[in-house]
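Accompanying notes for the structure given below.
Atom set for the values below is all heavy atoms of this structure, side chains included, hydrogens, waters and symmetry mates excluded. Atoms within a ligand are numbered from 1 in the order they appear, just like the ligands themselves. Remember, it's a predicted structure, so these values are computed and weren't measured experimentally.
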Amino acid sequence: MTSRPGTNATQPTIPMWVGGREAFASDGATLDSFNPATGEVTARFPNATADDVDSAVAAGIAASREWKRTTPEDRGKVLSRLAEIIERHAEELALLDVIDNGSPIREMRRDAGMAVDALRYYAGLVLHVRGETVPTSFDRLNFTLLQPYGVVARIIPFNHPFMFAASKIAAPLAAGNAVIVKPSEHTSRSALRLGELARGIVPDGLLSIITGEGRVAGDAIVRHPEIRRLAFIGSADTGRAIQAAAASVAVKNVTLELGGKNPLVVFPDADLDRAVLAAKRGMNFTWQGQSCGSTSRLLVHRDIYSEFIESLAGSIEGMKSGSPVDESTETGSIVNSLQYDKVRSYIEIAHKEGSRLVTGGNVLTDGDFANGFFVRPTLFADVDPQSRLAQEEIFGPVLAAMPFTGYDDALAIANGVRYGLTASVFTESLRTAHRFARDVEAGYVWVNEVSKHVHGTSFGGVKDSGLGREEGIDELLSYTQSKNVHVNFESSEA
Ligand code: NAD
């Protein structure tokens with residue numbers, strides 16, 4: 001999709017933000033921004049080169065020298081002012097995401113609010129970047145300093161473009177770093193607008209927005225020797241490639257927020273109406289299933305299985321597919337043709353593997369749907385826990401349901417995948433709930449609840465779902481390096 005200047009002259013090229021100024025790719029290359037619901041090219045944006053990354057790093061190093069000398073309170077004030085301006089532009093930002101990634105407006109509207117909350121949360125937490133004193137002896141003092149890295153980078157995915165771009169700069173900036181954001185090449189517009197909104201609020205050079213292909217701009221960021229702290233949100237395969245590439249250059253602190261194949265487990269004593277709603281909600285059909293935390297494996301006790309599947313199917317069938325800009329739309333377009341093809345291929349795989357299609361499984365191609373990537377919310381039942389449908393992350397609107405017979409069986413199925421991001425359990429038994437929360441291999445567990453992220457709690461995965469924790473104080477501290485200082489003030493006169 002790379003185009004040279006002039007090949008698509010009907011659309012403007014939206015600039016990147018480097019060193020507080022507008023910037024274009026050093027070789028002039030651009031990428032097209034598509035609306036996946038209509039197939040229209042809506043804009044062009046720079047396809048950054050390694051030279052552009054160098055410029056962002058140089059600007060970041062210069063800006064971070066001043067920034068780390070500011071008081072924590074002053075850094076908090078900058079984050080608060082950024083939160084305010086985002087709040088004022090929330091509707092516009094939501095629309096940019098809708099035309100870039102195809103999710104319904106009523107869902108994307110929430111994302112700017114979540115970014116605002118994160119900026120305010122870290123603005124308030126800024127005084128907690130503090131070390132500790134360690135008892136040594138009467139005339140010696142040992143203490144720690146928590147110091148910023150300098151320039152850090154955040155590489156983010158396509159599913160919540162603005163929410164990730166804006167909320168994920170809060171902790172690095174609060175901790176005293178400069179930050180480079182690299183949005184997905186499929187959804188870069190709202191991050192570019194963030195760079196524009198931040199002008200005059202965030203000191204020049206402290207925040208750079210670098211757009212372009214992962215394998216070029218992203219790789220140049222990962223391999224840049226001056227970027228020692230990288231945080232990646234995306235697929236497990238890219239995460240592992242990034243870990244390897246970073247390690248080939250230098251010793252770097254790389255945290256990874258990766259994919260999931262998360263179980264939602266319903267025991268026979270559960271409040272079934274609640275559990276049915278949660279099974280639908282947890283799948284995030286409202287973002288076409290494109291959510292890392294989606295509970296895309298549904299495990300239901302055999303005694304209630306048939307009744308549960310039937311009730312869930314009715315609820316899913318009622319969801320309205322439509323244009324993402326329509327207020328009544330509940331499920332929109334998949335982000336691009338690659339993801340669309342991937343989702344359809346998994347539907348074929350499911351049929352071949354002998355799973356039973358309960359609802360959905362079809363694409364919409366008539367009328368308003370003709371040029372987009374619309375797949376109906378899909379439920380397969382009787383899925384073999386070892387099948388590809390049950391094992392692999394689809395990142396689309398396809399839910400795989402399977403029965404289980406008892407606690408041990410449920411746990412073995414729940415833990416029998418390479419991933420371990422979220423898990424949810426529905427039961428009225430305190431004992432079952434606590435055992436499950438203890439035994440399940442996941443970084444975030446809900447009991448009689450699903451999907452919710454709570455500010456101040458730590459989110460992240462185990463196994464191939466990732467490394468490191470975000471959204472709480474851990475994220476803030478992860479942008480600092482601890483230095484131990486040992487002071488001997490013993491007097492020779494004593
Ligand atoms: P992706 O891995 O394809 O891309 C993510 C980002 O990495 C993009 O900005 C891309 O340009 C960049 N990238 C790609 N190759 C790169 C390389 N070699 N070097 C450096 N950067 C590179 O993921 P995606 O398709 O955008 O997002 C979907 C994935 O993200 C899913 O697996 C989903 O589960 C995961 N995800 C995880 C979380 C979480 O918090 N755990 C949240 C959202 C999404």
- Message: Show, in sequence, the C-alpha distance, side-chain angles and deciding distance for E257 and K168, and conclude whether the salt bridge (charged side-chain N to carboxylate O under 4.0 Å, His left out) test is met.
- Response: CA-CA 12 Å; E257 289 277 354; K168 298 303 179 188; over 6 Å; no

- Query: Near ligand 1, which residues have a heavy atom under 4.0 Å away from one of its atoms?
  - Reply: I155, I156, P157, F158, N159, F164, K182, P183, S184, E185, G214, G218, D219, V222, F232, I233, G234, S235, T238, I242, E257, L258, G259, C292, E393, F395, L421, F459

- Between R193 and F162, is NZ or CZ placed under 6.0 angstrom from the six-membered ring centre and within 45° of the ring axis? no

- Message: With a 4.5 Å cut-off on side-chain heavy atoms, are L411 and F404 touching?
- Response: no

- Task: Would you confirm whether Q243, through its side chain, and V254, through its main-chain N or O, come within 3.5 Å as a donor-acceptor pair?
- Result: no

- Task: State which residue, out of S294, S424, S296, fulfils the side-chain contact (heavy atoms from CB on, under 4.5 Å) condition with L264.
- Result: S424

- Item | F395 ring center within less than 6.0 Å of F158 ring center | yes

